[in-house]
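See below for the structure under consideration.
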Amino acid sequence: MATETGDTRRRTDALSRKRIVDAAVELLDAAGEGGLTFRALAAHLKTGPGAIYWHVANKDELLTAATDAVLTHATAADVAEDTPEEAIRAVALGVFDAVDAHPWAGTQLSGAPSQPTMLRIFERLGRQIQALSVPTAAQFTAAAALWNYILGVGRQNAANARAHEPGTDRTAALATASAEWANLDPIEYPFTRTVADQLRDHDDREEFLAGINLILGGISSLALPVVDGPTRT
């Protein structure tokens, strides 16, 4: 009996919160939110559900922790030597790449704005907005415009991932969609027909960054002018 208790204790001690979150990320990557259950997680970790509940209260807490884990690099990167624009691009691309690798995270980012991950990313964006000398009255609008764009693309990427079977050829899917656009009614959809080829040939990451640059251009126009001090003679 003593040996059994000792073995159980060692297994419980080894089952850290980090191990649980890492395993949850693996299950989410493999099967999405529907594949993450405490029963499946316990089987994956070769333990009992009770041991998991010791570290994580419920699925919502686990999803929040998993989202935080895959997006940590987007908020932890050292941008001290970057310009504000470069720092904003780094944060935005960090979120984009994380959601591209873990589409389920895009869905999670649409949750409550008080989530720790969302607050940290918004804070990083906001500090760079301040560094661009945007007037105080416009800072929230500028940061929100960036954040809503990043969130919107993340959610759309997540929706696209759910809409296609695993292993779907992106080039073929875009070619099909492009052909559909090109064959739309020319009276009702003149613009959409015109850009059908661009849909087929575009790169998602480059288009995302181009959108960030468009927003940054508008934000930069709000910046207060730098007033030089008096010139000494």
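Everything numeric in this text was worked out from a predicted model, so none of it was measured.
- By the rule that hydrophobic residues join a cluster once side-chain heavy atoms approach within less than 4.5 Å of another member, Val195 and Leu199 end up as members of one cluster.
- Summarising the geometry of Glu61 relative to His55, their closest heavy-atom pair is OE2-O, 3.9 Å, with the distance given to 0.1 Å.
- Distance alone, capped at 3.5 Å, places no donor-acceptor pair between the Gln128 side chain and the Leu125 backbone.
- Contact between Arg200 and Ala175 at its shortest, heavy atoms only, is CG-CA, 4.0 Å.
- Nearest heavy atom pair, residue Ala98 against residue Val70, reads CB-O, 3.4 Å.
- The 12-atom threshold is not exceeded at NZ of Lys18, counting heavy atoms of other residues, nucleotides or ligands nearer than 6.0 Å.
- With sequence neighbours left out, the ring pair (Phe, Tyr, Trp, His ring centres under 6.0 Å) criterion links Tyr149 to Phe208.
- The stretch residues 181-194 participates, sequence neighbours left out, in no side-chain hydrogen bond (donor to acceptor under 3.5 Å, both in side chains) pair at all.
- Using a distance-only test at 3.5 Å, with no hydrogens or angles considered, no donor-acceptor pair links the side chain of Glu207 to the main chain of Asp203.
- Within the 4.5 Å cutoff, the side chain of Phe38 has heavy atoms near those of the Leu62 side chain.
- Heavy atoms only, all atoms of each residue included: Leu27 and Leu36 are closest at CD1-CD1, 4.0 Å.
- Taking each heavy atom of Gly48 and Ala42 in turn, the nearest pair found is C-CB, 4.0 Å.
- Counting only heavy atoms from C-beta outward, the side chains of Val134 and Thr141 never approach each other to under 4.5 Å.
- Here the CD1-CZ distance, from Ile52 to Arg17, works out to 12.5 Å after rounding to the nearest 0.5 Å.
- Under the 3.5 Å distance criterion, with hydrogens and angles disregarded, a donor-acceptor pair is assigned to the side chains of Glu33 and Gln108.
- Paired with Val99 under the rule side chain to side chain contact (heavy atoms under 4.5 Å, CB included), one option of Leu109, Val153, Thr107 passes, and it is Leu109.
- Considering only heavy atoms from C-beta on, Leu151 stays 4.5 Å or farther from Val95 through its side chain.
- Taken from CG in Asp201 to CG in Leu174, the straight-line distance is 9.0 Å, to the nearest 0.5 Å.
- For the atom pair CG (Leu41) and CD (Glu26), the distance works out to 10.0 Å, reported to the nearest 0.5 Å.
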Under the salt bridge (charged side-chain N to carboxylate O under 4.0 Å, His left out) rule, what do Arg89 and Asp82 come out as? Steps first, then yes or no, please. CA-CA 10 Å; Arg89 292 187 190 100; Asp82 292 344; over 6 Å; no

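- Rounding to the nearest 0.5 Å places CD of Glu85 at 12.5 Å from CD1 of Ile212.
- Distance CZ/Arg124 to CD1/Ile129: 13.5 Å, rounded to 0.5 Å.
- Taking all atoms of both residues into account, the shortest heavy-atom contact from Ala101 to Asp29 is O-OD1, 4.2 Å.
- Under a 3.5 Å cut-off, the side chain of Ser220 and the backbone N or O of Leu216 do form a donor-acceptor pair.
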Please lay out, stage by stage, how Arg19 and Asp22 fare under the test side-chain contact (heavy atoms from CB on, under 4.5 Å). CA-CA 5 Å; Arg19 275 195 62 209; Asp22 288 346; 5.8 Å; no

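- In the hydrophobic clustering of this structure, Ile121 groups with Phe140; members are Ile, Leu, Val, Met, Phe, Trp, Tyr whose side-chain heavy atoms approach within less than 4.5 Å, directly or through other members.
- To the nearest 0.5 angstrom, Leu28 atom CG is 7.5 Å from Thr67 atom OG1.
- Cluster membership for Leu209 and Trp147, using ILVMFWY side-chain heavy atoms within less than 4.5 angstrom, is shared.
- Both Ile20 and Tyr53 belong to a common hydrophobic cluster when Ile, Leu, Val, Met, Phe, Trp and Tyr are linked at side-chain heavy-atom distances under 4.5 angstrom.
- At a threshold of 4.5 Å between non-hydrogen side-chain atoms, the residues Ile88 and Leu132 count as touching.
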